[in-house]
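Note sheet for the following structure.
The first residue in the sequence is number 1, and the count goes up from there.
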Amino acid sequence: MLEQVSEFLWWERLWLPQNVSWSDLQDGDGLVYARPSHLYLALPCAFALLLVRYLFESYLASPLAEAWGIRDRRRLPPEPSCALDAYFRHTSHCPSQAEVRSLCKKTSWSERRVQVWFRRRRNQDRAGLCKRFCEASWRCTFYLFAFLGGILALYDDFKEQVVHHIATLTLLAFSWASNYIRIGTLVMATHDSADILLEGAKILNYAKWKRSADTMFVVFTLIFALTRMVILPFWLIHCTWVYPVERFEPFFGYYFFNAMLVVLQILHFYWGLLISKMLYKCLFSKLEGDERSDEEEEDRSDEEEEGREPPKKENQRLDHTTSCRPRGWANGI
């Protein structure tokens with residue numbers, strides 16, 4: 001059974017054009033071709049990258065975050081409640097209004113108190129600011145070296161190396177197995193060039209360098225539009241659609257590869273829409289954050305949640321404005 005499945009998966013007429021067989025891709029005459037078995041090397045490389053990432057975040061990104069004054073926000077823990085904790089773990093993290101009222105009956109709590117509990121409990125599972133800074137630093141560095149590696153690979157008629165990315169794993173695996181190496185490398189290079197700037201903008205934003213972060217984000221948007229809205233569809237996909245049929249009859253691998261590229265391009269239009277909204281906020285209003293990131297929800301003290309005035313400390317200086325709260329309250333002091 002497994003042998004039959006294997007024969008079907010490697011059926012030459014499925015992946016290769018007519019008059020071309022797998023034997024034509026055997027090494028010879030001074031030529032070295034990629035082999036599907038080389039993809040197994042991705043597994044030890046992945047584990048090696050995990051180790052490199054751990055060392056990078058521990059000994060480079062974390063000290064950099066501390067040097068730039070990046071600190072995690074103080075999070076108030078949720079009150080102990082077995083009923084709410086069980087509901088959170090097994091039912092929903094964001095209960096509806098009707099579910100909140102039902103939980104109020106079980107716990108004898110007010111609706112506001114239940115909502116505050118869920119907000120604080122969700123924040124417990126979110127990565128802190130330092131963690132997000134370290135992740136963005138790693139991705140920025142990884143994309144930079146991946147992009148430079150792609151450029152170097154294309155410079156001398158690349159033979160073996162290909163940069164793997166989780167979002168295009170199937171596409172890259174097929175391009176490698178079917179010897180579409182140059183187009184696969186070009187696709188990765190067009191993606192990594194913009195991702196460097198995106199992660200760099202996040203780093204500057206976490207460090208509170210707003211003006212520099214906004215400037216880099218604008219540059220990222222321009223590069224994103226150029227590479228993924230112009231170069232990829234009108235150059236790379238155009239080449240994969242037009243030129244192969246000039247030499248071969250269309251075959252399954254031809255349609256499969258181009259279909260994957262079209263799916264990738266559709267995703268680019270979706271991300272481009274989100275990025276355009278963020279750019280508009282960046283230029284004409286206040287940009288609150290990356291719309292694709294999981295931002296921490298705002299939290300307040302118990303007194304403010306219940307609508308009570310916070311207790312006054314002895315000899316505490318008050319802000320004589322419309323509010324009677326101490327100075328610095330809004331900043332969490």
(message) Check the orientation of Tyr254 and Phe251. Use parallel for under 30°, tilted for 30 to 60°, and perpendicular for over 60°.
(response)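 Tilted.
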
(request) Return the orientation label for the Phe88 and His93 ring planes: parallel under 30°, perpendicular over 60°, tilted otherwise. (result)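 The arrangement is parallel - the two ring planes meet at less than 30°.
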
(request) Apply the test side-chain contact (heavy atoms from CB on, under 4.5 Å) to residues Tyr143 and Leu198: give CA-CA distance (whole Å), side-chain angles for both, the deciding distance (0.1 Å), then the verdict. (result) CA-CA 10 Å; Tyr143 291 139; Leu198 175 61; over 6 Å; no

Determine, using the 4.5 Å side-chain heavy-atom cutoff (strictly less than), whether [X] and [Y] are members of one ILVMFWY cluster.
{"X": "Met216", "Y": "Val219", "result": "yes"}
{"X": "Leu64", "Y": "Tyr54", "result": "no"}
{"X": "Leu55", "Y": "Leu50", "result": "no"}
{"X": "Phe256", "Y": "Val263", "result": "no"}
{"X": "Phe145", "Y": "Leu49", "result": "no"}

Looking at [atom1] of [X] and [atom2] of [Y], how far apart are the two atoms once the value is rounded to the nearest 0.5 Å?
{"X": "Thr221", "Y": "Met278", "atom1": "OG1", "atom2": "CE", "answer": "8.0 Å"}
{"X": "Asn258", "Y": "Leu264", "atom1": "CG", "atom2": "CG", "answer": "12.0 Å"}
{"X": "Leu103", "Y": "Arg113", "atom1": "CG", "atom2": "CZ", "answer": "13.0 Å"}
{"X": "Thr190", "Y": "Trp235", "atom1": "OG1", "atom2": "CH2", "answer": "9.0 Å"}
{"X": "Arg132", "Y": "Ser137", "atom1": "CZ", "atom2": "OG", "answer": "12.5 Å"}
{"X": "Arg211", "Y": "Leu204", "atom1": "CZ", "atom2": "CG", "answer": "13.5 Å"}

Heavy-atom side-chain contact between [X] and [Y] under 4.5 Å:
{"X": "Cys134", "Y": "Ser62", "answer": "yes"}
{"X": "Tyr87", "Y": "Lys106", "answer": "no"}
{"X": "Val116", "Y": "Arg112", "answer": "yes"}
{"X": "Tyr270", "Y": "Ile266", "answer": "no"}
{"X": "Phe142", "Y": "Phe56", "answer": "no"}
{"X": "Phe220", "Y": "Ile275", "answer": "yes"}
{"X": "Thr141", "Y": "Leu60", "answer": "no"}
{"X": "Trp68", "Y": "Ile203", "answer": "yes"}

(request) List the steps and the verdict of side-chain contact (heavy atoms from CB on, under 4.5 Å) for Leu236 and Leu261. (result) CA-CA 9 Å; Leu236 300 184; Leu261 287 177; over 6 Å; no

Kindly give the heavy-atom pair with the smallest separation between [X] and [Y], and that separation in Å.
{"X": "Asn205", "Y": "Ala213", "result": "N-CB, 3.7 Å"}
{"X": "Gly272", "Y": "Met229", "result": "CA-CE, 3.9 Å"}
{"X": "Phe118", "Y": "Pro95", "result": "CD2-CD, 3.6 Å"}
{"X": "Leu76", "Y": "Gln124", "result": "O-NE2, 3.8 Å"}
{"X": "Thr227", "Y": "Ala194", "result": "OG1-CB, 4.4 Å"}
{"X": "Ala201", "Y": "Phe217", "result": "CB-N, 4.1 Å"}

(request) Without swapping roles, check the side chain of Gln265 against the backbone of Arg228 for a donor-acceptor pair under 3.5 Å. (result)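 Yes; at least one donor-acceptor contact below 3.5 Å.
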
(message) Please evaluate residues Ser276 and Tyr280 with respect to the criterion side-chain contact (heavy atoms from CB on, under 4.5 Å), reporting the C-alpha separation (whole Å), side-chain torsions for both, the decisive distance (0.1 Å), and the verdict.
(response) CA-CA 6 Å; Ser276 63; Tyr280 179 83; over 6 Å; no

(message) For Glu66, is the CD atom crowded, meaning more than 12 foreign heavy atoms sit under 6.0 Å from it?
(response)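 Not buried by this count: 12 neighbours or fewer within 6.0 Å.
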
(message) Holding to side chain to side chain contact (heavy atoms under 4.5 Å, CB included), I want the full list of residues that pass it with Arg89, two or more places apart in sequence or in another chain.
(response)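 For Arg89, the residues satisfying side chain to side chain contact (heavy atoms under 4.5 Å, CB included) (neighbours in sequence not counted) are Asp85, Ala86.
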
(request) Test Trp138 against Val52 for side-chain contact (heavy atoms from CB on, under 4.5 Å), laying out the working first. (result) CA-CA 10 Å; Trp138 163 252; Val52 172; 3.9 Å; yes

(message) With salt bridge (Lys or Arg N to Asp or Glu O under 4.0 Å) as the criterion, how do Arg120 and Glu79 come out once you've worked through the C-alpha distance, each side chain's angles and the decisive distance to 0.1 Å?
(response) CA-CA 9 Å; Arg120 293 180 178 176; Glu79 301 179 62; 5.6 Å; no

(request) Can you spot which of Leu226, Leu186, Ile237 makes a side chain to side chain contact (heavy atoms under 4.5 Å, CB included) with Ile231? (result)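 Going through the options one by one, the only one that passes is Leu226.
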
